[in-house]
Every structure is written in C-alpha cells, then in structure tokens.
Novice: 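Got a structure for you, written out below as structure tokens; questions coming shortly.
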There are 2 protein chains.
Amino acid sequence: MAKVGIKDIARIANVSLATVSRTLRTPDLVQETTRQRVLDAVAASGYKPNRMGMNLRTQRTGNIMAIIPDITNPFNAGLIRAIEEAASNLGYAVLLGDTQSSPEREKQYVDLVEAGQADGMLYFSGRNPFDFDPEKPIAEQIPTMVNSNEELDFDGIDKVMLDNVQAGRDAVQHLLDLGHTRIAAITGPLNTQSAQSRMQGYQQALLDAGIELDDKLVIEGDYQIDSGVEGTERLLRLKTRPTAIFCFNDDMAIGAINVLKSNDYRVPEDMSVLGFDDILYSTYVRPALTTVAQPVEEIGRICAEKLIARLQGDESPPEKTFVAHKLIVRESTGPAPK
Amino acid sequence: MAKVGIKDIARIANVSLATVSRTLRTPDLVQETTRQRVLDAVAASGYKPNRMGMNLRTQRTGNIMAIIPDITNPFNAGLIRAIEEAASNLGYAVLLGDTQSSPEREKQYVDLVEAGQADGMLYFSGRNPFDFDPEKPIAEQIPTMVNSNEELDFDGIDKVMLDNVQAGRDAVQHLLDLGHTRIAAITGPLNTQSAQSRMQGYQQALLDAGIELDDKLVIEGDYQIDSGVEGTERLLRLKTRPTAIFCFNDDMAIGAINVLKSNDYRVPEDMSVLGFDDILYSTYVRPALTTVAQPVEEIGRICAEKLIARLQGDESPPEKTFVAHKLIVRESTGPAPK
DNA sequence: ATATGATCTGAAATCGTTTTCACAGTTTCG
DNA sequence: CGAAACTGTGAAAACGATTTCAGATCATAT
C-alpha cells in the first residue's frame with residue numbers, strides 16, 4: 001500500500017505537522033478555514049494516522065488483553081463477546097490470550113501487557129503470574145487489571161466475582177428439596193478457587209441437612225465434557241449410587257446425561273442432573289438442563305468497563321463487585337426415586 | 001510500575017543504547033563479556049523492551065487481526081483457538097474482531113489494520129470492505145490478508161476454502177441413499193457465498209436423482225439455534241411434509257431436533273436431521289448428529305500460518321487452498337419412513 | 001612496518017505521531 | 001492608549017526502541 005503520512009497531508013494542505021494533528025485530535029484549536037483545508041487533504045488522500053507512531057507518543061495502544069483459559073468453552077466465549085462489545089463501544093480493541101490453562105502462556109501474555117502491547121488486562125485465572133514485593137503498593141508493580149472467574153490471592157485490584165459458596169449451596173438445596181440425600185458432585189479442578197468454593201457450598205448444604213459427607217460421591221473433573229462422562233461412569237459403578245449429580249459446569253452435565261441415557265437411566269426420573277453456567281446449549285439438550293446461571297453478559301461488560309475506566313483515570317479504591325447467580329429449574333432435576 | 005528503559009540498562013551496564021539493543025536482538029554481534037554485563041543488568045532490573053517503541057521502529061506490531069462474525073458460535077470459537085495456537089507458536093498475538101456480522105464493525109476493524117495496529121488480518125466474511133482500484137495491483141492497495149469461510153469476490157489474495165457445493169451434494173446424497181425423496185433445507189443467509197454454494201449442491205443432488213425442486217422445502221436460516229427451531233416449525237405445518245431436513249449448520253440442526261422431539265417425532269425414525277460443521281456438541285446431542293465435518297483446526301492453522309508466512313516475506317503467488325470436508329454418520333439420519 | 005580486514009562499539013538518525021513552547025497578531029479592558 | 005489576555009500557528013522536542021554509519025582496536029598478510 002502506498003503509505004501517506006502526516007507529512008504528506010501537511011504539505012498538501014500547506015500547514016505544519018502540528019496543525020494536521022490538531023485538526024484530527026482537537027479541532028477546536030484550529031481555525032475553520034485551515035481545518036477545512038486539512039480535512040479536504042485527508043479525505044482526498046485517504047490518510048489514516050499511523051497507530052504505531054500514535055501509540056508511542058501517547059503511551060497507549062487502545063488494546064486490552066483478555067487472558068482466558070479456553071475460548072471453545074461456551075461460557076468463556078460469551079464472556080469474550082460481551083467484553084469485545086463493551087470495549088468496542090469505548091474505542092478499545094481486544095487482544096485474545098487463550099492460555100489453555102498453561103501457566104507459561106499466562107505468563108507470556110502478562111509479559112506482553114507489561115511490555116506495553118496492551119494498556120491493561122482482564123485476568124480470568126487464579127494463578128498469580130507476578131512476583132511483586134508485598135511490602136510496596138501493588139498498583140505500582142503490576143499493570144492495570146481486573147480479575148474475574150477465578151480469584152487471585154491478593155488484594156489491591158478490582159475483582160468481579162460470583163458468590164460460589166452460596167451458588168453451591170443453592171444448587172444442592174434444590175436437590176435436597178426434591179428429596180435427594182445421596183448427592184454426588186463432579187467438580188472442577190480442585191486447585192481452583194471457584195471449584196473449592198462450590199465444593200464448600202456443597203458440603204455446607206449437606207451438613208446443614210444432617211447428611212454425612214461421602215468421599216466416593218465427589219469426583220474431580222476438569223470442566224470438559226469428557227470428564228463429565230468419566231465421572232458419571234465411575235459413579236454408576238458404585239455399590240450405593242447417588243440419585244442426583246451436581247456438575248460444576250454445563251459441559252460436564254451434558255456429558256453426564258449422555259452416559260446416563262446410554263445406560264438406560266431416565267433423567268430425571270432415575271437420576272437428577274444439575275449443571276452450572278447456563279450456556280446456550282443447556283436449553284436445547286434433552287432433558288433441558290437445570291443449572292445455576294451466571295450473568296455472563298454482565299460479567300464481561302462490567303470487567304471491560306471497569307478496566308477501561310481505570311485506564312482513563314478512575315482512581316477510586318479497588319473494589320470487589322459481586323454478581324448474582326440464579327438457579328434455573330428446567331427438566332433435568334426431579335423428585336428422588338424411591 | 002516504575003518503568004526501566006533501555007537507557008537505564010545502558011547506564012547500569014556502562015554501554016551504549018545500541019549495545020543493549022544488539023545484546024537482545026543480535027547477540028552474536030556483541031562480545032561475550034559485554035553481553036554478559038548487559039544481560040546481568042537486564043535480569044537485575046527486570047527490563048522488558050517497550051513494544052511501542054519497538055513496533056514503531058521496526059514497523060511491525062506482532063499482532064494479527066482475526067475478523068469473524070460471532071465468537072459464540074462454536075465453529076468460530078474452534079477456529080479462533082486454532083489460529084491463536086498457531087500464531088502464538090510463531091510469536092504473534094491475535095486481535096479479535098468480533099463483528100456480529102455488522103458491515104460497520106467489519107470496516108472498523110479493517111481500518112485498524114490499515115492504520116497499522118496489526119500486521120495483517122484473517123477475514124472470515126464475504127463482504128468486501130475495500131474500495132480499491134481494480135486496474136492497479138491489489139496487493140498494493142490492501143493490507144496483507146487471508147480470506148476464509150466466506151469467499152470474497154476478488155482475486156489476488158490467499159484463500160482457504162471448503163468445496164461447499166460438493167459438501168452440499170454429499171449431504172443430500174447421503175439422505176437420498178437412505179431413500180428420502182422429500183428433503184428440506186434450512187439454509188444460512190442466502191446472501192452469503194457459503195450458503196449459496198451448499199444450496200447449489202443441494203439442488204444438483206436432487207436434480208441428478210430426478211427429483212423436482214420444491215420451494216416450500218427451502219427455508220432461509222441465519223445459523224442461530226432459533227432459526228432452526230422456527231424453520232422446523234414451519235416445515236411441520238406443511239401439507240406434505242419432508243422426511244429429512246438438511247440444516248446448514250449444527251446449531252440449527254440442534255434446534256430442529258428439539259422441535260421435532262417436542263412434537264413427538266422420533267429422530268431418525270420419523271424424520272432425519274443432518275447438520276454441518278461437526279461442532280463438539282454434535283456428539284453429545286441425542287440422537288448424535290449426522291453432519292458434514294469441516295476440519296476446523298486445520299483451517300485455522302493454515303490461515304494463520306499462511307498469513308504469517310506472507311508477513312515474513314513469502315512472495316509466492318496468492319493461492320486458494322482447499323480443505324476437505326467429511327460426512328460423519330451418527331444417529332440422527334436413518335431410512336426414510338414408509 | 002604497513003596495509004587490509006575483521007571485530008566490537010557508540011553517536012546519531014530514524015520510525016510517525018502528539019504536545020510543548022514560543023511568537024505573531026488580534027481582541028479586551030481598565 | 002497600553003497592558004493583558006486570547007487565538008492560531010509552526011518549530012522542535014519527545015515517546016523508546018533499532019539500525020546505519022563510522023571509528024577504534026586488534027589480528028593477519030604482505
């Protein structure tokens with residue numbers, strides 16, 4: 001492409017570089033007639049200010065980095081869509097850091113932000129990629145960021161979180177209300193805060209109902225469909241089986257239902273299945289999934305807007321925003337069998 | 001963050017800026033002892049070269065832009081994942097341009113590339129966002145790009161495409177082989193090249209089998225689950241109903257199966273349903289979806305690798321790469337009912 | 001001993017903008 | 001009427017790196 005730069009415009013419009021820049025950035029500062037001359041030249045030549053020069057001079061890129069474990073997970077995809085929507089409205093573009101949960105990739109993308117390839121980042125992992133000095137103020141040692149989904153173990157940054165303990169309780173309570181007493185859980189990775197919290201809620205609800213905890217009913221999954229499949233197969237081999245399975249996300253619940261049907265179980269008559277996230281497909285699976293909905297659009301929007309507000313000078317103290325979950329009862333849960 | 005720049009390193013290591021830069025970029029050019037001194041200073045201070053300065057000087061950003069209609073579509077999400085994987089391996093980061101099929105947003109992201117915010121782009125839409133002079137060589141008028149999914153109506157750029165006509169034929173032929181003669185289609189938007197081509201394949205297969213085309217059996221969808229739902233409802237209201245539905249993507253097929261089950265149709269005994277894409281969920285839907293698989297990983301990888309090769313100086317003539325589709329027969333299709 | 005070449009390094013130019021500073025001309029106001 | 005304030009503009013500095021060019025040093029060949 002034949003590149004036309006600010007110099008060319010200046011020459012054509014017979015003004016200085018400064019005036020061209022001002023016409024584009026702060027039109028008020030330049031006289032009507034001059035401005036028009038510049039604008040004509042810009043229009044005629046199709047000039048677009050070069051972002052690299054602009055970025056360097058202004059010390060901002062207009063990019064935000066979203067660091068996320070796996071974009072093929074529909075929940076994450078929804079998140080990214082909401083983020084990109086909000087960012088786009090505010091004039092920012094989204095750099096995608098899909099890490100496949102690899103700590104190295106997480107670090108690599110954080111490095112990129114620290115090198116100034118993006119102005120700030122949204123961090124959807126619980127692993128701390130920094131080694132900062134806890135004595136000194138954190139804000140001066142790390143890039144501007146918002147943390148969500150998995151909670152980092154330090155304060156001083158904005159966070160957007162779900163009350164996973166309560167969500168876990170609510171899910172299990174729904175099953176208890178239906179008369180279930182042997183309730184299994186297929187969890188997320190237990191080294192994550194979200195899975196731990198949901199687990200905690202699961203245990204609290206059972207204990208409150210006077211039900212003894214049973215290790216065998218808890219199976220660690222990894223949020224992939226396959227681990228829902230394997231977990232359910234293991235549960236079906238137990239001597240005393242559960243009557244309900246609480247899966248820590250919808251994908252695993254879909255895997256669970258699949259196995260159950262293959263083994264001629266009716267859902268929910270013979271076994272109830274409860275999911276988490278409320279992804280689009282949970283409505284279209286048969287039976288439609290009872291699930292704990294996360295407000296994915298809201299989470300994505302708040303994350304992006306909060307980060308960008310910070311980038312634009314918001315200096316209010318970092319805050320932890322809670323978003324509300326909601327139990328959506330559909331067809332995959334029902335009364336406990338006799 | 002207390003920023004440490006190349007100047008600081010130079011001062012600490014007692015060398016010039018040039019030597020610091022050389023140590024990092026072309027270590028061979030600097031003497032072992034000096035190099036070590038610089039590296040020590042870098043390690044001690046945690047220096048990361050600033051990308052904005054670097055980008056401006058080298059006239060490259062290390063970003064590629066992926067312009068795609070909707071990241072929440074699982075096929076697109078898979079594509080993006082493959083792209084980001086390949087790009088990351090080659091030292092590039094992915095800027096995500098989710099356009100929600102809006103021409104304005106497409107243009108906006110293309111503008112960003114033209115302004116140098118990314119080095120090149122992957123363009124998964126069929127709408128031409130440029131107005132170039134067809135007389136002059138195209139390569140000089142548009143950014144480096146690879147086009148896929150929907151084909152642009154001009155040559156001179158790399159393309160990665162599926163043979164959608166043949167894929168449509170193969171899908172319909174499978175249904176014909178099962179004895180179906182009244183075969184409906186729920187298409188994608190008919191102003192897209194992919195939907196048109198699949199449609200063409202659909203028609204050819206029917207005509208070759210001596211079956212008359214019936215307008216009422218063709219319903220235009222938009223690749224969303226809901227349009228599969230609505231389309232199927234319309235088909236069920238017909239006086240003479242089809243015995244099979246060819247949906248132009250899996251999401252619509254999932255919607256179709258849903259409606260059919262709600263209306264007490266058995267799939268495939270009463271009605272066969274055929275999808276397109278082979279998304280992850282097509283295995284887990286009941287009945288599991290017969291579908292035309294696109295090699296999504298391969299498409300994403302090829303697109304990214306081709307683009308980056310171009311950016312790194314590959315000057316071979318632009319080429320159109322075809323990738324192979326494959327009919328995957330699962331449970332949602334069966335012999336035509338009597 | 002001198003020319004030639006190879007190796008290493010630093011000073012300065014450069015990438016394309018934005019922004020500061022200075023200045024000239026004009027208006028406002030006491 | 002003169003000082004002060006304001007308006008509009010351009011020259012030059014700045015952002016933070018890479019790279020060109022030239023010079024210094026040292027080894028090698030003649």
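Values below: every heavy atom of this structure, side chains too, minus hydrogens, waters and symmetry copies.
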Novice: Pairs under 3.5 angstrom, nitrogen or oxygen only, protein versus nucleotides 11-14 of chain D, please.
Specialist:
residue, atom, partner, partner atom, Å
dA14(D), N3, Arg57(A), NH1, 3.0

Novice: Sub-3.5 Å donor-acceptor pair from the side chain of Ser148(B) to the main-chain atoms of Val160(B), do we have one?
Specialist: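 Between the backbone of Val160(B) and the side chain of Ser148(B) there is a qualifying donor-acceptor contact (under 3.5 Å).
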Novice: Sort and list the pairs that fulfil salt bridge (charged side-chain N to carboxylate O under 4.0 Å, His left out) and have at least one residue in residues 45-55 of chain B, not counting sequence neighbours.
Specialist: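 Every pair satisfying salt bridge (charged side-chain N to carboxylate O under 4.0 Å, His left out) with a residue in residues 45-55 of chain B: Asp111(A)-Lys48(B), Glu114(A)-Lys48(B).
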Novice: Enumerate the residue pairs fulfilling salt bridge (charged side-chain N to carboxylate O under 4.0 Å, His left out) with a member in residues 65-83 of chain A, sequence neighbours excluded, ordered by first and then second residue.
Specialist: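 Applying salt bridge (charged side-chain N to carboxylate O under 4.0 Å, His left out) to every pair that reaches into residues 65-83 of chain A, excluding sequence neighbours, yields Asp70(A)-Arg81(B), Arg81(A)-Asp70(B).
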Novice: In whole angstrom, give the distance that lies between atom CZ of Arg25(B) and atom P of dG16(D).
Specialist: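 Those two atoms, CZ and P, are 16 Å apart.
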Novice: List every contact pair, protein side and nucleotides 6-8 of chain C side both N or O, where the distance is under 3.5 Å.
Specialist:
residue, atom, partner, partner atom, Å
dC8(C), O3', Gln31(B), OE1, 3.2

Novice: Could you tell me the separation between the CG atom of Leu24(B) and the P atom of dT19(D), rounded to a whole number of Å?
Specialist: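 Value for this atom pair: 12 Å.
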Novice: According to the interplanar angle, ranging from 0 to 90°, do the rings of Phe154(A) and Phe132(A) count as parallel (below 30°), tilted (30 to 60°) or perpendicular (above 60°)?
Specialist: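 It falls in the perpendicular class, over 60°.
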Novice: With respect to the phosphate group of dT9(C), does any side-chain polar atom (N or O) of Thr19(B) fall under 4.0 Å of OP1 or OP2?
Specialist: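 Thr19(B) to dT9(C) OP1/OP2: no side-chain N or O under 4.0 Å.
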Novice: Measure CG/Asp8(A) against C1'/dT17(C) and give the value in whole Å, please.
Specialist: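 Answer to the nearest Å: 13 Å.
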Novice: Salt bridge or not between Glu305(B) and Arg310(B)? Use side-chain N to carboxylate O under 4.0 Å.
Specialist: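 Not counted as a salt bridge, because no side-chain N and carboxylate O are separated by less than 4.0 Å.
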Novice: I need the CG-C1' distance between Leu56(A) and dT17(C), as an integer number of Å.
Specialist: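 Atom-to-atom, Leu56(A) to dT17(C), this comes out as 8 Å.
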Novice: Rounded to the nearest Å, what distance is computed from the CZ atom of residue Arg51(B) to the P atom of nucleotide dT18(D)?
Specialist: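 It is 10 Å, rounded to the nearest whole Å.
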Novice: If you check every side-chain atom of Ile6(A), which of dT17(C), dG10(C), dT18(D) has the closest atom?
Specialist: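 Of the options given, the side chain of Ile6(A) lies nearest dT17(C).
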Novice: Let me know the distance between CD of Gln59(B) and P of dA17(D), rounded to the nearest Å.
Specialist: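 About 16 Å, once rounded to whole Å.
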Novice: Taking side-chain contact (heavy atoms from CB on, under 4.5 Å) as the definition, give me every residue that meets it alongside Asp133(B), ordered by chain and number, with sequence neighbours left out.
Specialist: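 With sequence neighbours excluded, Asp133(B) shows a side-chain contact (heavy atoms from CB on, under 4.5 Å) to Glu135(B), Lys136(B), Gln141(B), given in chain and number order.
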Novice: Check this one for me: any side-chain N or O of Tyr47(A) less than 4.0 Å away from OP1 or OP2 of dG16(C)?
Specialist: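 Tyr47(A) to dG16(C) OP1/OP2: no side-chain N or O under 4.0 Å.
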Novice: Rounded to the nearest Å, what distance is computed from the CG atom of residue Asn55(B) to the P atom of nucleotide dG16(D)?
Specialist: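 Between P of dG16(D) and CG of Asn55(B): 14 Å.
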Novice: When the distance from CZ of Arg60(A) to C1' of dG16(D) is rounded to whole Å, what number comes out?
Specialist: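 Checked: the CZ to C1' distance equals 18 Å.
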Novice: Assign each of Met54(B) and Thr33(A) to its nearest nucleotide of DNA chain D by heavy atoms, then name whichever residue's nucleotide is nearer the 5' end.
Specialist: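 The answer here is Thr33(A).
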Novice: So for the helix from dA1(C)-dT30(D) to dG30(C)-dC1(D), with five pairs setting each end axis, what is the inter-axis angle to 10°?
Specialist: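 It works out to 50° between the end axes.
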